[in-house]
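Hydrogens, waters and symmetry mates play no part in the numbers below; they use all other heavy atoms, side chains included.
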Amino acid sequence: MPVEQQKHSVIKQMILSVIPFVSLWAFYRIEKLRLWVGVYIIGIAFWTIWDIYLVTPETSKVWIWGGVIELIITPLVMRHFTIKWNEIQFK
């Protein structure tokens, strides 16, 4: 199913990117879903390996920090890709 070729609000896309599972739809709208799923899988693998090697009673802190980092990075990545999408599609 092709994506609608329309401009997307950068702020709306950034808000959608922080909501679990809705972020996938937001990345789909700007045709970056495959890239984001790949990055997300690599990130989860990294945090899991780090958690396994840490093996301390405070391993839950690793996942909390991962969530905090995700909440910071995801909107920034979405902002970058949405701006590029709007520039490329609608010059």
Ring-face cation contact, Trp36 with Arg34, 6.0 Å cut, 45° max: no

Close side-chain approach of Phe27 and Val77, heavy atoms under 4.5 Å: yes

Rounded distance [0.5 Å steps], CD1 in Ile44 versus CD1 in Ile42: 11.0 Å

Shared hydrophobic cluster for Ile73 and Ile41 (ILVMFWY, side-chain gaps under 4.5 Å): yes

Nearest-0.5 Å distance that lies between atom CG in Leu16 and atom OG1 in Thr82: 9.5 Å

Separation of Lys7 NZ from Gln89 CD (nearest 0.5 Å): 11.5 Å

For the student: nearest non-hydrogen atoms of Arg29 and Trp85, plus distance: O-CZ2, 3.9 Å

Shortest non-hydrogen contact from Ser17 toward Pro75: OG-CA, 3.5 Å

Joint cluster assignment, Ile15 & Leu71, ILVMFWY side-chain distance < 4.5 Å: no

Reported CE-to-OG distance for the pair Met14 and Ser23, which is rounded to 0.5 angstrom: 13.5 Å

Nearest heavy-atom neighbours spanning Gln6 and Asn86: O-OD1, 4.5 Å

Rounded distance (nearest 0.5 Å) linking atom CE of Met78 with atom NE2 of His8: 9.5 Å

Rounded distance [0.5 Å steps], CD1 in Ile83 versus CD1 in Ile30: 10.5 Å

Phe81 six-ring centre to Lys32 NZ/CZ under 6.0 Å and within 45° of normal: yes

Contact check, side chains of Val18 and Thr74, non-hydrogen atoms, under 4.5 Å: no

